[in-house]
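All figures in this text were calculated on a predicted structure; none of them were measured in a lab. In the text below, chain A, chain B and the rest are named by the order of the sequence lines, each starting its count at 1.
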Number of protein chains: 4
Amino acid sequence: MTTDFSASPGEPPLRADARRNRDQIIGAAKSLFTSDGPEVPMEEIARSAGVGVGTLYRRFPDRESLIRAVARDNFANTLAQAEAAAVEEPTGWDSLVRLLKSSDELQLSVHLGMSSPRAWEIVKGDEITQRLRNSLLATLDSVVATAQAEGSLRADVGAGDIAAIFAMLLRRPGPDHPDSQRLAERALQVMLDGLRTPGRPGAGLPGEPISVSEIPLLKRDKRPARDG
Amino acid sequence: MTTDFSASPGEPPLRADARRNRDQIIGAAKSLFTSDGPEVPMEEIARSAGVGVGTLYRRFPDRESLIRAVARDNFANTLAQAEAAAVEEPTGWDSLVRLLKSSDELQLSVHLGMSSPRAWEIVKGDEITQRLRNSLLATLDSVVATAQAEGSLRADVGAGDIAAIFAMLLRRPGPDHPDSQRLAERALQVMLDGLRTPGRPGAGLPGEPISVSEIPLLKRDKRPARDG
Amino acid sequence: MTTDFSASPGEPPLRADARRNRDQIIGAAKSLFTSDGPEVPMEEIARSAGVGVGTLYRRFPDRESLIRAVARDNFANTLAQAEAAAVEEPTGWDSLVRLLKSSDELQLSVHLGMSSPRAWEIVKGDEITQRLRNSLLATLDSVVATAQAEGSLRADVGAGDIAAIFAMLLRRPGPDHPDSQRLAERALQVMLDGLRTPGRPGAGLPGEPISVSEIPLLKRDKRPARDG
Amino acid sequence: MTTDFSASPGEPPLRADARRNRDQIIGAAKSLFTSDGPEVPMEEIARSAGVGVGTLYRRFPDRESLIRAVARDNFANTLAQAEAAAVEEPTGWDSLVRLLKSSDELQLSVHLGMSSPRAWEIVKGDEITQRLRNSLLATLDSVVATAQAEGSLRADVGAGDIAAIFAMLLRRPGPDHPDSQRLAERALQVMLDGLRTPGRPGAGLPGEPISVSEIPLLKRDKRPARDG
DNA sequence: GATGAATGAGGCTTCATTCAT
DNA sequence: CATGAATGAAGCCTCATTCAT
């Protein structure tokens with residue numbers, strides 16, 4: 001279920017079928033943007049959503065518009081998760097950890113989206129996304145303050161640092177690493193240990209160390225690779 | 001100066017002017033891949049290199065070929081830097097830190113390049129890049145071993161973990177953050193503190209904390225942003 | 001009020017609201033065909049008529065059908081005016097003049113419509129329009145004969161000549177001439193003087209001569225106009 | 001042979017083959033604009049010119065650009081003809097007549113072009129076309145003055161009137177009239193008689209009167225014509 | 001009946017690649 | 001060899017028309 005951020009609140013709500021289509025399109029776009037970047041052919045998105053191109057274009061007059069909608073959707077979801085984390089966890093530190101761990105589907109695609117200059121330009125210009133983003137940062141800010149007040153988070157970082165680290169961690173090492181899950185968790189734990197107030201014991205890393213030989217050694221492909 | 005990784009070692013070395021062209025093309029491609037992604041029009045690359053498309057295509061029969069050449073160039077440079085870091089620094093830890101800090105121009109463009117699924121597919125299939133990569137990992141492996149032996153690097157990480165973290169840190173937070181340099185340095189320091197053997201004191205973070213308000217709050221543009 | 005030229009005379013007359021819709025659509029189409037040519041999007045016509053596309057298509061199964069209906073409507077109106085002119089004016093010459101002056105709204109849109117090859121093909125194929133056209137020509141024929149019999153119209157022209165001249169005069173000089181009304185009137189007067197039986201005094205032209213400087217000298221726009 | 005009105009005079013002249021292509025494209029466009037209006041598919045123009053679409057677009061980056069080029073070409077040709085008529089004929093009246101008769105291929109397509117609002121907008125914005133147009137009007141102005149000074153042209157018309165009449169006469173009665181040549185000539189003669197200084201004898205009309213029955217009665221086409 | 005959503009063919013334009021000069 | 005022209009496949013987007021609500 002996606003949120004409809006139409007510009008004009010006065011417009012009538014979408015008809016049931018139109019609504020369903022809209023959601024399918026956003027879902028398909030999210031998924032394809034994540035896997036193939038924000039330049040996937042519109043037709044592919046439409047096909048993957050099970051609609052015709054025309055329908056896609058009726059709903060989103062151009063690619064920018066679709067990218068904006070996906071960004072809004074993702075930020076809204078993330079904001080909801082962040083607020084839940086802030087409220088439901090017993091300590092600031094726990095909120096922070098949950099926050100850094102949670103936003104799986106969400107930030108993933110947000111940030112993959114953001115890694116394209118094209119997408120970034122578009123999102124920058126969208127006021128609604130900016131509002132969501134600001135709320136998200138505000139939530140993060142209060143979690144950081146809480147965690148620092150309780151003495152668990154080192155005092156010399158700001159919410160901006162956390163956000164930046166956050167953004168970095170959300171880039172997966174490579175789209176197709178065989179065990180990217182474990183890898184990401186371990187990296188996150190290292191980072192959390194680095195964020196602990198000095199002197200406080202950090203946690204051990206989950207799983208076994210990743211050896212060099214586990215980094216994917218890439219299969220040859222058949223082309224002669226005749227290069228310059 | 002770039003290295004020529006032509007497939008056939010028997011071929012005569014390029015004439016001086018041809019060589020110059022090749023270098024200019026790779027330079028232009030590196031720069032444009034970094035700023036605009038690996039899908040920039042070939043003509044634009046040619047223009048920026050000061051040659052005609054024809055020349056570009058004589059040197060690199062297609063885009064893949066050019067991407068491969070850029071990747072090889074970058075990995076070769078990185079490998080050289082890594083080897084220097086391994087040899088020239090007094091301790092394993094110092095080597096590691098230098099490694100993580102050094103590969104500025106280099107990995108930057110490698111990884112930005114790699115952030116495109118398209119580019120990744122191509123590089124995966126290139127044996128020479130893989131060889132360079134493996135050498136790079138081998139070097140990293142020995143640096144990690146040394147640092148662990150000397151007790152500075154926590155024992156429960158492997159070179160693979162470091163490589164993955166490395167990859168993460170190389171993604172800049174956003175194309176146009178006003179102070180992305182400071183941001184990256186601070187994030188790196190947090191990560192290094194997390195990598196320290198527990199109990200050993202880490203370093204303080206450089207500069208002031210980054211507050212939420214420093215995250216770029218994006219200027220509105222005027223379009224009505226009529227979306228779905 | 002438009003005339004309904006449905007093919008099947010047996011059909012019941014339209015309900016009042018349906019009738020209203022039909023008239024609004026034809027009115028909107030006439031107006032848009034005149035200003036934007038006969039290729040305006042159907043949706044725009046529908047919107048301008050205050051109905052949904054569906055309604056438009058229920059009434060006119062395709063664009064051809066709508067163009068036909070507009071043509072019929074225009075020809076019918078013109079025919080009525082021509083017959084009135086033939087009957088109500090004291091002399092043949094007066095009838096002719098009135099005819100040439102009258103068909104303002106009517107022929108205007110007919111002929112603008114006809115300036116499109118597409119529209120012309122369609123109207124050519126429509127029997128009803130042809131019947132109307134033939135009646136119109138017959139009326140013209142009798143007016144011409146009368147005027148020649150009374151000695152006012154030169155003897156060496158036929159109704160066909162008049163029709164052709166008529167058609168020419170109906171094209172406005174340019175969509176946006178500031179004083180196209182005066183221009184058209186003066187041109188008409190010149191033509192009437194040419195049609196007078198030689199020796200009979202013609203009328204002076206209305207208004208002042210149009211100088212070259214009155215022809216719209218078009219404002220520059222800023223684009224560099226990079227052409228081949 | 002067309003004239004190259006490239007914006008930047010510093011550019012090198014086109015290569016022989018490119019030049020040939022350019023001319024073929026303009027020729028094809030002129031012809032197709034004339035027969036089908038200025039919205040003919042670009043592919044059709046390219047095909048008719050014997051080149052690929054890509055070539056067309058290399059030469060003319062978009063449709064506007066092509067329309068501009070055609071307009072420039074036409075105005076340049078017309079201007080040349082007008083200047084010849086002004087200089088080579090013994091009297092002002094003769095110049096005027098030749099002018100009104102000459103511009104066959106030329107004005108035809110110019111004005112058909114102009115009958116489309118789209119094309120008009122484009123041409124309005126093109127400075128070069130405007131310059132050509134102004135020269136043309138200046139030439140016309142002097143011809144008119146000469147003819148009035150010699151007493152052949154009625155004194156109460158201005159060059160602007162002539163231009164407007166000119167424009168009207170250039171619209172052919174219908175694209176496919178069987179004898180549109182005769183028709184146009186006779187209409188022109190009527191107009192010339194109307195332009196004569198009163199009292200001076202005009203010429204008789206060429207050929208026989210055009211009767212109503214010669215106006216094309218349009219063949220039925222087979223569709224049932226089920227309309228609203 | 002009326003409405004507006006969905007469809008998909010078709011036109012526009014870009015750009016990777018090939019080829020003549 | 002270098003250059004830049006030519007080609008055409010492929011992506012974007014618009015609209016005529018059909019169909020579910």
Separation of [N] [atom2] from [X] [atom1] (nearest whole Å):
X	N	atom1	atom2	value
A:Asp36	F:dG11	CG	P	12 Å
D:Leu32	E:dG11	CG	C1'	15 Å
B:Phe60	F:dA2	CZ	P	12 Å
B:Glu64	E:dA16	CD	P	13 Å
C:Arg59	E:dA2	CZ	C1'	10 Å
D:Asn21	F:dG4	CG	C1'	13 Å
A:Ile45	E:dA6	CD1	C1'	18 Å
C:Arg19	E:dG1	CZ	C1'	18 Å

Considering only [options], which nucleotide approaches the side chain of [X] most closely?
X	options	answer
B:Pro41	F:dC15, E:dA16, E:dC12	E:dA16
B:Tyr57	F:dT17, F:dC13, E:dT18	E:dT18
A:Val51	E:dT7, E:dT17, E:dT13	E:dT7

Below 4.5 Å, heavy atoms only, C-beta onward: do B:Lys30 and B:Asp73 meet side chain to side chain? yes
pair B:Glu44-B:Asp36: side-chain heavy atoms closer than 4.5 Å: yes
Pick the nucleotide of DNA chain E nearest each of D:Asp62 and B:Met42; which residue has the one closer to the 5' end?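 So the residue in question is D:Asp62.
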Distance from [X] atom [atom1] to [Y] atom [atom2], nearest 0.5 Å?
X	Y	atom1	atom2	answer
A:Ile45	A:Phe60	CD1	CZ	10.0 Å
A:Arg58	A:Ile25	CZ	CD1	11.0 Å
B:Leu56	B:Asn21	CG	CG	9.5 Å

Indicate whether OP1 or OP2 belonging to [N] is found under 4.0 Å from a side-chain N or O atom of [X].
X	N	value
A:Arg20	E:dA5	no
A:Arg58	E:dA5	yes
C:Arg47	E:dG4	no
D:Thr55	F:dA5	no

Tell me whether A:Glu43 at atom CD has more than 12 heavy atoms from other residues, nucleotides or ligands lying less than 6.0 Å away.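 It does not: A:Glu43 CD has 12 such atoms or fewer within range.
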Test log, rule side-chain contact (heavy atoms from CB on, under 4.5 Å), inputs D:Leu66 and D:Phe33: CA-CA 11 Å; D:Leu66 178 57; D:Phe33 284 176; 4.2 Å; yes
Which residue lies more 5' along DNA chain F, comparing C:Val53 with D:Gly50 via nearest heavy atoms: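 By nearest-heavy-atom nucleotide position, the 5'-most residue is D:Gly50.
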Specify the residue among A:Glu43 and C:Val40 whose closest nucleotide of DNA chain F lies further upstream toward the 5′ end. A:Glu43
Which pairs count as salt bridge (charged side-chain N to carboxylate O under 4.0 Å, His left out) when at least one residue sits in residues 46-57 of chain A, sequence neighbours excluded?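 Sorted pair list comes back empty.
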Paired stems touching DNA chain E, three or more consecutive Watson-Crick or G-U pairs with both distances under 3.5 Å? E:2-21 with F:2-21
